[in-house]
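Accompanying notes for the structure given below.
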Amino acid sequence: MTKTIAILTGGGDCPGLNAVIRGVVRSSILQHGWRVIGIRDGFDGLVNGPDVVDLDLNAVRGILPRGGTILGTSNRGNPFAYPVERNGSMVLEDVSERVLENFKTLGADALIVVGGDGSLKIAGQFGQMGMPVVGVPKTIDNDLSSTDVTFGFTTAVEIVTEALDRLHSTAESHHRVMVVEVMGRDAGWIALHAGIAGSADVILIPEIPFQVEEVCDAIRRRRETGSRFSIVVVAEGAKSASGEKVVQVGAKENLGVERLGGIAHSLARKIEACSGMEVRVVVLGHVQRGGTPCAFDRILSSRFGVKAVELVADGAFNRMVALRGSVLVAVPIAEAVGQLNLVDSAGELVRTAESLGIMLGRQKVLDAVGLKQ
Ligand code: F6P
């Protein structure tokens, strides 16, 4: 029987979104003869509208290597707390019933939601209300549990690693400390992976509150032993043991979502003061989310798209596709969004970094080998 599948992309953009859309469209049409429609700008396209576009084979031609999402996205349109203007000020209202009504008018048999923790939580809530939803895990932060990895993460790590390789030139030539701020709101996966791959000297992540003194010590010690430069990678959500996260715009002023950023500048001032060295800051920001997905993410995204269509064919709703080892599985959305996938501060990857002599903002390696004075 012919079906109509709707798909939306929600949350921050991420390399591989278009590859998922292409996977969904091609397998729906080529394997099942189904119709696919795309909803524009995440859940916004169901709140207002519905705002949809037909996705045939022509619509997805050539999009596999393209960054961003041809459907558009939004990371502020939660239908259960939707920003609306009332008497000149913005308030948050529940418009979920309107979304359900608009979805019904589409006559779609399923909705595939490609998103991170926020969008998948929303999908799970609509699933509870009877909407036939399937989730696909997206985020460069890799902070979704129930899957070994999210698509987009590997590309972001490649981008940051290349940046660290390039920044070594200036750091070494000018005998400077380079403080590189990367994304990672709650989880330090990007900082940790790229920091190891890009030979950082210090890596600071949200899961390990850091001591500024330890960071200074590590930099001074490197200088004393002949390395007149240092590379510090800091995740935007990292915080010192005595301090708070550095927030650019608070949740209240930003419709419930904290905008992070600025930790590198605040850290740079402290490092300059304690080491007397010249310090420069590089904030990689949305560069990490942009551009073409790497081969791994193109393949993973394509597999996720095809698997999501299989779940629709099987009527396996309220599930998210996930990678376990080398195999794709389906997990309940509620389980996937229950808790974030954070770096284990005592885990193998952290221990590897510390064994390599990378300082993670806490005194450990130097004490262990008796180098700390
Ligand atoms: O969730 C992914 C992420 O890249 C976070 O690390 C970051 O805090 C956030 O998106 C920034 O989103 P935007 O600036 O697009 O609102």
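For ligands, and for the atoms within them, numbers begin at 1 and follow the listed sequence. Along the sequence shown, the residues carry numbers beginning at 1.
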Note to self: T9 and side chain to side chain contact (heavy atoms under 4.5 Å, CB included): which single residue from I112, V113, T73, D41 fits?
What the structure shows: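 Among the candidates, only T73 passes.
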Show me which atoms of ligand 1 lie under 4.0 Å from any heavy atom of [X].
| X | value |
| --- | --- |
| G184 | 6 (O) |
| R185 | 6 (O), 8 (O) |
| R289 | 3 (C), 4 (O), 9 (C), 10 (O), 11 (C), 12 (O), 13 (P), 15 (O) |

Nearest neighbour in protein (non-hydrogen) for [atom]:
| atom | answer |
| --- | --- |
| atom 4 (O) of ligand 1 | M183 SD, 2.7 Å |
| atom 1 (O) of ligand 1 | D141 OD2, 3.5 Å |
| atom 14 (O) of ligand 1 | H286 NE2, 2.8 Å |

Next item on the list: Name all pairs fulfilling the ring pair (Phe, Tyr, Trp, His ring centres under 6.0 Å) condition that reach into residues 29-75, sequence neighbours left out, sorted by first residue then second.
Entry: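 Residue pairs passing ring pair (Phe, Tyr, Trp, His ring centres under 6.0 Å), neighbours aside: H32-W34, F43-F126.
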Flag the pair [X] and [Y] as a salt bridge only when some basic side-chain nitrogen lies within less than 4.0 angstrom of an acidic carboxylate oxygen.
| X | Y | value |
| --- | --- | --- |
| D201 | R222 | yes |
| K104 | E101 | yes |
| E93 | R86 | yes |

Note to self: I need the contact type for N75 against ligand 1. Using non-hydrogen atoms and a strict under-4.0 Å cut-off, is it side chain, backbone, both or neither?
What the structure shows: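 Under 4.0 Å from ligand 1, N75 contributes side-chain atoms alone.
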Checklist line | side chain to side chain donor-acceptor pair (under 3.5 Å) against E213, all qualifying residues, sequence neighbours excluded | finding: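 Side chain to side chain donor-acceptor pair (under 3.5 Å) list for E213, sorted by chain: R220.
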Next item on the list: Have a look at R259, R76, E236, E258 and point out the one with the heavy atom closest to atom 5 (C) of ligand 1.
Entry: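 Ranked by closest heavy atom to atom 5 (C) of ligand 1, first place is E236.
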